[in-house]
Number of protein chains: 2
Amino acid sequence: MTFVLAVDDDPAILRTLSINLRARGYDVETAGDGRSALQIIDERMPDVVILDLGLPDLDGVAVLKRLRVYTQVPVVVLSARHESDDKVEALDEGADDYVTKPFDMEELLARVRAAIRRSGGDDAPWVVESGDVRLDVRERQATRAGADVRLTPTEWHIVEVLARREGRLVRQGELLHEVWGPAYDRETNYLRVYLAQIRRKLEQDPSRPTMFITDPGIGYRLVV
Amino acid sequence: MTFVLAVDDDPAILRTLSINLRARGYDVETAGDGRSALQIIDERMPDVVILDLGLPDLDGVAVLKRLRVYTQVPVVVLSARHESDDKVEALDEGADDYVTKPFDMEELLARVRAAIRRSGGDDAPWVVESGDVRLDVRERQATRAGADVRLTPTEWHIVEVLARREGRLVRQGELLHEVWGPAYDRETNYLRVYLAQIRRKLEQDPSRPTMFITDPGIGYRLVV
DNA sequence: GCGGACGTTGACGCGTTCTTGACGGGCGGG
DNA sequence: CCCGCCCGTCAAGAACGCGTCAACGTCCGC
């Protein structure tokens with residue numbers, strides 16, 4: 001499993017990052033300051049680091065400098081500052097990419113995936129194929145009979161969770177929890193609506209699903 | 001690293017648990033009440049939860065119920081109460097094991113290890129096999145001669161209870177209590193109907209059951 | 001501001017599942 | 001031999017979950 005370290009001084013942002021990354025199947029650890037970030041890197045090298053530049057102790061750039069001494073781990077820098085100085089400095093010091101706060105989660109995730117891919121790290125392309133349908137979770141690309149299929153962010157999120165556990169049962173509560181958050185544990189309505197949309201886009205015969213299977217009363221599973 | 005969440009309202013106990021678990025190489029987080037426990041589970045799914053039943057806000061059983069909506073994480077329940085009510089209720093709600101305070105640390109650790117092992121760390125399917133029939137309780141998948149067999153939620157519930165005590169007798173009252181709740185202790189009708197359905201789906205010769213055996217007047221057992 | 005894409009909700013029909021009552025047969029005791 | 005108990009079987013109505021549709025709100029790009 002790909003291991004991601006997220007570093008930010010704002011616990012709310014760490015929490016958001018954590019939830020979204022975990023929902024995509026990453027193993028996540030967080031750090032609130034530069035010192036603990038370096039310690040974690042020292043103990044257990046991540047596959048990618050998400051690094052905020054504004055930290056209470058060491059400056060983000062300082063952290064970057066120090067870790068670049070001994071590792072090439074890809075680093076995606078995160079910052080509230082709009083001045084290009086930091087950006088330039090960070091990229092000079094070996095950052096791989098740069099996202100400005102407030103950031104779009106999907107964009108950040110895309111850049112994280114890209115950074116991991118470039119590093120050639122955990123490079124097993126994350127693909128599920130069934131019949132003429134191909135789902136590339138990492139690239140967020142779905143094709144059917146060679147043609148691109150457009151999925152909305154929420155649709156992707158569901159497909160991702162199911163694809164990550166391909167063939168295995170995912171309970172309704174789990175899906176809701178991962179995609180919509182803990183407050184939606186019982187809104188099975190959403191699942192019905194979205195599974196229908198996904199099937200309409202991906203299944204041969206949407207009324208007779210062969211990939212996105214319902215386990216009545218329990219949950220769903222993606223069968224290949 | 002295995003991540004353990006310990007939930008108790010007594011800081012001294014949390015401290016003891018923390019020290020002992022960390023000494024064994026676990027990654028430990030603690031919570032003093034139900035709300036923060038659920039929040040931690042939400043943010044970072046533990047590999048095992050140690051849960052005290054007496055909490056200041058939510059009852060331990062309430063916490064258990066809520067987290068069972070969306071996750072199968074193993075839970076070892078901890079309680080100062082000696083009444084078996086809580087114990088039964090907690091186990092009914094999906095707790096994996098139970099330790100009574102004051103507890104022996106080695107015993108607790110052994111139970112935690114066992115819970116982790118049973119959960120398979122990642123995926124050891126909880127399966128019962130007999131002849132050409134295979135029951136995977138975790139994944140809720142039943143196959144017979146390789147072909148999928150569809151069981152309804154209630155049917156699964158019964159199969160699950162019997163499978164968990166594979167080979168041993170389960171009294172009618174226990175089955176009714178676990179599947180339909182305490183108010184149905186005498187509705188043995190239900191059992192007859194459902195056992196017949198289960199046998200029809202899983203037994204070679206439903207009128208001559210070899211797996212789902214009746215002990216007349218007492219209960220049922222699952223024989224492999 | 002206008003239109004489209006997307007997410008959220010509520011309603012409805014349909015098939016499945018659950019519940020409930022009734023019936024018959026095997027077995028043991030009176 | 002008859003009776004009662006308990007189990008397996010069946011059937012029918014009720015309740016429930018799911019798929020589907022349509023309407024609405026919001027956000028964003030044009």
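Each chain gets a letter, A, B and so on, in the order the sequences are listed, and its residues count up from 1. Just so you know, these numbers come straight off a predicted model, no measurement behind them.
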In whole angstrom, what separates [X]'s [atom1] from [N]'s [atom2]?
X	N	atom1	atom2	result
A:Q197	C:dA5	CD	P	13 Å
A:R186	C:dG10	CZ	C1'	20 Å
B:R208	C:dG25	CZ	C1'	14 Å
B:Y184	C:dC18	OH	P	13 Å
B:F212	D:dG8	CZ	P	13 Å
A:E187	C:dG7	CD	P	16 Å

Query raised in the report: What closest approach, in Å, do A:I50 and A:L108 show between heavy atoms, and which atom pair accounts for it?
Result: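 Minimum heavy-atom separation between A:I50 and A:L108: CD1-CD2, 4.4 Å.
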
Report task. Name all pairs fulfilling the ring-ring contact (aromatic ring centres under 6.0 Å, His included) condition that reach into residues 45-79 of chain B, sequence neighbours left out, sorted by first residue then second. Result ->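 Applying ring-ring contact (aromatic ring centres under 6.0 Å, His included) to every pair that reaches into residues 45-79 of chain B, excluding sequence neighbours, yields A:H177-B:Y70.
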
Sequence neighbours left out, what pairs pass salt bridge (Lys or Arg N to Asp or Glu O under 4.0 Å) with at least one residue falling in [range]?
range	answer
residues 175-188 of chain A	A:R164-A:E178, A:D185-B:R66
residues 190-204 of chain B	B:E155-B:K201
residues 215-224 of chain A	A:D215-A:R221

Query raised in the report: Are any of A:W180's side-chain N or O atoms less than 4.0 Å away from OP1 or OP2 of C:dT8?
Result: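 Looking at the OP1 and OP2 atoms of C:dT8, one of them is under 4.0 Å from a side-chain N or O of A:W180.
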
Report summary line: Scoring nucleotides 14-21 of chain D by protein non-hydrogen atoms under 4.0 Å (B base, S sugar-phosphate only, - none) yields ---SBBBB

Report task. Taking side chain to side chain contact (heavy atoms under 4.5 Å, CB included) as the test, write out the residues that go with B:V193, two or more places apart. Result ->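 Counting only residues at least two positions away or on another chain, B:V193 forms a side chain to side chain contact (heavy atoms under 4.5 Å, CB included) with B:Q197.
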
Query - Partner set under side chain to side chain contact (heavy atoms under 4.5 Å, CB included) for A:E129, not counting sequence neighbours - result: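 Testing A:E129 for side chain to side chain contact (heavy atoms under 4.5 Å, CB included), a comparison that skips the adjacent residues, returns A:V127, A:R134.
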
Name every donor-acceptor pair, under 3.5 Å, that has one atom in a side chain of residues 29-41 of chain B and the other anywhere in the protein, sequence neighbours excluded.
residue: B:D33; atom: OD1; partner: B:R35; partner atom: N; Å: 3.1
residue: B:D33; atom: OD1; partner: B:S36; partner atom: N; Å: 2.9
residue: B:D33; atom: OD1; partner: B:S36; partner atom: OG; Å: 2.8
residue: B:D33; atom: OD2; partner: B:S36; partner atom: OG; Å: 3.4
residue: B:S36; atom: OG; partner: B:D33; partner atom: O; Å: 3.3
residue: B:Q39; atom: NE2; partner: B:E43; partner atom: OE2; Å: 3.1

Query raised in the report: Residues from residues 145-157 of chain A sitting under 4.0 Å of DNA chain C, heavy atoms only?
Result: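 DNA chain C contact set from residues 145-157 of chain A: A:R150, A:T152, A:P153, A:T154.
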
